[in-house]
Amino acid sequence: MFDPVESALISPTELNFMQRIFDRVCMWCQIDRPSKRADQLATYLLHEYRAGIRDETALFEAAMWREARRSKSGPMYEHDKGLDDTIIN
């Protein structure tokens with residue numbers, strides 16, 4: 001049976017594991033600490049770890065993919081552009 005108290009506990013080894021990944025992603029993505037973005041990354045890593053991603057490479061790549069998607073600027077699709085981007089003759 002699922003025990004929410006037990007699942008909330010993280011061992012020092014698990015914490016060090018996630019800290020290594022967090023530090024690497026922050027370095028590669030130039031995420032300031034402390035910041036809201038860093039807090040969101042930490043929450044994401046914890047969620048993914050609890051969801052079962054325990055491989056360091058897989059967790060790092062998932063976090064990097066997430067951050068890459070978050071950092072893209074500008075509209076992704078033509079229909080996302082506003083009217084000010086359109087020239088009418």
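Everything quoted here is computed from the prediction, not taken from an experiment.
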(message) According to salt bridge (charged side-chain N to carboxylate O under 4.0 Å, His left out), who are the partners of Glu61, at least two apart in sequence or on a separate chain?
(response) none

(message) Quick check: do Gln40 and Arg70 have side-chain heavy atoms less than 4.5 Å from each other?
(response) yes

(message) Could you tell me if the side chain of Ile10 sits less than 4.5 Å from the side chain of Arg50, heavy atoms only?
(response) yes

(request) Quick one: pull up SG in Cys29 and CZ in Arg24 and give me the separation to the nearest 0.5 Å. (result) 11.0 Å

(message) Would you say Leu59 ends up clustered with Met27 if hydrophobic residues are merged whenever their side chains have heavy atoms under 4.5 Å apart, either directly or through other cluster members?
(response) yes

Side-chain donor-acceptor pairs under 3.5 Å in residues 31-38, sequence neighbours left out?
{"unit_1": "Arg33", "atom_1": "NH1", "unit_2": "Asp23", "atom_2": "OD1", "d": "2.7"}
{"unit_1": "Ser35", "atom_1": "OG", "unit_2": "Asp32", "atom_2": "O", "d": "2.6"}
{"unit_1": "Ser35", "atom_1": "OG", "unit_2": "Ala38", "atom_2": "N", "d": "3.1"}
{"unit_1": "Arg37", "atom_1": "NE", "unit_2": "Glu67", "atom_2": "OE1", "d": "2.7"}
{"unit_1": "Arg37", "atom_1": "NH2", "unit_2": "Glu67", "atom_2": "OE1", "d": "2.8"}

(request) Could you please spell out the steps behind the side chain to side chain contact (heavy atoms under 4.5 Å, CB included) verdict for Trp28 and Phe60? (result) CA-CA 11 Å; Trp28 278 92; Phe60 174 75; 4.1 Å; yes

(message) Quick check for you: to the nearest 0.5 Å, what is the distance between Tyr49 atom OH and Leu15 atom CG?
(response) 10.0 Å

(request) Might you work through the side chain to side chain contact (heavy atoms under 4.5 Å, CB included) test for Val25 and Arg66, ending with a clear yes or no? (result) CA-CA 10 Å; Val25 174; Arg66 176 186 182 272; over 6 Å; no

(message) Applying side-chain contact (heavy atoms from CB on, under 4.5 Å), can you list everything that pairs with Ser11, at least two apart in sequence or on another chain?
(response) Thr13, Glu14

(message) Let me confirm one number: the CD-CD1 distance from Glu48 to Ile53, rounded to the nearest 0.5 Å.
(response) 4.5 Å

(request) Rounded to the nearest 0.5 Å, what's the gap from CZ on Arg20 to CG on Leu45? Could you check? (result) 12.0 Å

(request) Could you tell me the separation between the CD1 atom of Ile21 and the CG atom of Asp55, rounded to the nearest 0.5 Å? (result) 8.5 Å

(message) Give me the atom names and distance for the closest heavy-atom approach of Phe17 to Arg54.
(response) CZ-O, 3.3 Å

